[in-house]
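Before any comments, here is the structure.
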Amino acid sequence: MTIQQQIYWHTTTQMPDDSSLAPLPDKVDVAILGGGYTGLSAARTLAKQGAKVAVLEAETIGWGASSRNGGMVLTGLKLGMQTVQKRYGRDLAKRLFQYSLDSIDTVEQIVKEENIDCGFARNGHLLTANKPKHFDALKEEAEFMEKEFGHKVQLVTRENQREEIGTGLYHGALVDEVSSGLNPAQYVTGLASAAEKAGATLHARARVNRLERSQNRFSVKTERGSLSAESVLVGTSGYTREVTKRLQKKIIPIGSFIIATEQLPSELANELSPKNRMIFDYKHYLNYFRLWDNRMIFGGRAAFFPETANTIRRSAEILRREMTQVYPQLRDVQVEYVWGGTLDFAFDMMTHMGELDEIYYSLGYAGHGVAMATHSGRTLAESILKGSLKEHPLAAFDFPGAPLGLYNGFPWFLPFAGAWHKFLDWVE
Ligand SMILES: Cc1cc2nc3c(=O)[nH]c(=O)nc-3n(C[C@H](O)[C@H](O)[C@H](O)COP(=O)(O)OP(=O)(O)OC[C@H]3O[C@@H](n4cnc5c(N)ncnc54)[C@H](O)[C@@H]3O)c2cc1C
């Protein structure tokens, strides 16, 4: 069987399509750009409070990273909490870490309240050490997390590692039992139904091309007509483009790619990941992987540029090689699917929420968006309704642009950054 360039998750559910396009309303309270976790979660919260909300999606609902990701619902931020504390001080670091825990609770709560069948489970995550000194860093991290945040994680020595993962490759690992896993496409589909049930209208093939402001309202021009909105909220993540140019210049779109194997015998699947953890390694150019329905779902930043047929094809080979380095047992196993998606990184690697040119936004999830985008959509909506956005922990620090302003939205420096990360993985 040849490898299909197709998102495996999409074969596990009926994704929203564009078979019946609802006409756009003339006038709404809030127009939301982007039909992923951010936009849909915000829409659900706003509509529940009685606001008239339209979600405008350029492709089909859930088309972006929200149906393509690894389904890891993780504690913490992209940056380690020691770095966050050094940069922002103890109080804000505490609020930010708590925010990451609340994000997982929000996902769990929505899944329960809305009866979303997406396999949400608190399986925990496993962070593996690629080198002995990474294990020393994990030890330090574990002590820091307990002392500063009262958050307990467990260290796993190299000797005991096979209780957690079926490989001898790593030099020990760290387990965080609070993290969770789910099927991202089933989750975003359920979130879309929940937003609709709350009263929001969802519009596929409604790319927003222009936003004009006059008399305290926005005229929102989409590819299939215009509408008038009191407020605009942007949840376009790694797909942020010229229509919000000032935000586009603050976000670096980075490709990430995933392969899915054929279904493995249960015994083999159980050997690879006996506790069904969400696994990722300590490298800059990292791999992340987990099981779903006895398939190994194995991802990484195999090419830095966002997905094209070419980067996806190359990624299949690279990821297969990396997967068999971790798990030689998978050498003869068929890889059935490969796909890519685009992540959103801010220049400081932090998530940002706020208001720019009177437009609300939440962006920069840096690979933590399953939990954070869901919670941020919700809390951004709540902050707008209460008028308390300035107090939000993700609005408490600057949203920097590129150093020296050397960026207009096309990430020309990615090949250099990619090479730099590979170099760091070699020397560090
Ligand atoms: C391969 C991959 C693996 C990942 N793995 C994980 C993981 O395991 N755990 C984790 O926490 N995070 C992971 N992430 C990140 C996570 O998926 C994202 O952070 C999250 O889905 C962002 O949600 P969002 O709603 O903000 O954006 P998206 O889901 O990307 O949605 C943005 C939408 O905006 C639309 N759009 C753009 N411009 C316009 C416009 N002008 N008008 C209308 N619509 C527009 C796009 O079409 C898109 O559908 C991964 C991402 C990728 C790509």
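Remember, it's 1-based here, ligands and their atoms both numbered in the order they're listed.
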G71 heavy atom under 4.0 Å from ligand 1: yes
Near V243 (heavy-atom distance under 4.0 Å), the atoms of ligand 1 are 41 (N)
CA sep, side-chain torsions, deciding dist, call: Q329, T167, side-chain contact (heavy atoms from CB on, under 4.5 Å): CA-CA 9 Å; Q329 306 91 310; T167 177; 5.7 Å; no
For the residue pair F280 and H125, does the interplanar ring angle fall in the parallel (under 30°), tilted (30 to 60°) or perpendicular (over 60°) class? tilted
With a 4.0 Å cut-off, would you call K152 and E177 a salt bridge? no
Report the C-alpha separation of K386 and E382 in whole Å, then their side-chain angles, then the decisive distance to 0.1 Å, and conclude whether the salt bridge (charged side-chain N to carboxylate O under 4.0 Å, His left out) test is met. CA-CA 6 Å; K386 279 196 251 154; E382 288 166 351; 5.4 Å; no
So, do D348 and H352 sit near enough that their side-chain heavy atoms are less than 4.5 Å apart? yes
For the 3.5 Å polar cut-off, considering only N or O atoms, please tell me whether R68 and ligand 1 meet it. no
Have a look at G255, A58, S67 and point out the one with the heavy atom closest to atom 44 (N) of ligand 1. A58
Does only the side chain of V73 get under 4.0 Å from ligand 1, or the backbone, or both, or neither? Count heavy atoms. neither
Would you please classify the geometry between the H151 ring and the F97 ring as parallel, tilted or perpendicular, with 30° and 60° separating the classes? perpendicular
For ligand 1, which part of Y288 has a heavy atom less than 4.0 Å away: the side chain, the backbone, both, or neither? side chain
Indicate the ring-plane relationship of Y187 and Y37, choosing parallel, tilted or perpendicular according to the 30° and 60° boundaries. tilted
Of the choices V208, D344, T222, which has the non-hydrogen atom that lies closest to atom 41 (N) of ligand 1? V208
For the pair Y327 and F289, name the ring-plane relationship: parallel under 30°, tilted 30 to 60°, perpendicular over 60°. perpendicular
Quick test of your reading of the structure: of Y239, F280, Y361, whose heavy atom lies closest to atom 38 (N) of ligand 1? Y239
Tell me the nearest of L40, I7, L343 to atom 15 (C) of ligand 1, using heavy-atom distances. L343
Candidate with minimal heavy-atom separation from atom 32 (C) of ligand 1, of G235, S256, G377, A366: G235
Check for me whether G238 has a heavy atom closer than 4.0 Å to any atom of ligand 1. no
From the candidates S66, S237, G62, G181, the one that places a heavy atom nearest atom 23 (O) of ligand 1: S66
With a cutoff of 4.0 Å, is T342 in contact with ligand 1, counting heavy atoms of the residue only? yes
Per-atom filter on ligand 1: closer than 4.0 angstrom to a heavy atom of G70 are 3 (C), 4 (C), 5 (N), 6 (C), 7 (C), 8 (O)
Within reach of ligand 1, part of Y37 (heavy-atom separation under 4.0 Å): both
Does the residue R207 have a heavy-atom contact with ligand 1, meaning some pair of atoms that are separated by less than 4.0 Å? yes
Suppose I only count heavy atoms of V370 and a 4.0 Å limit; which atoms of ligand 1 are within that range? 9 (N), 10 (C), 11 (O), 12 (N)
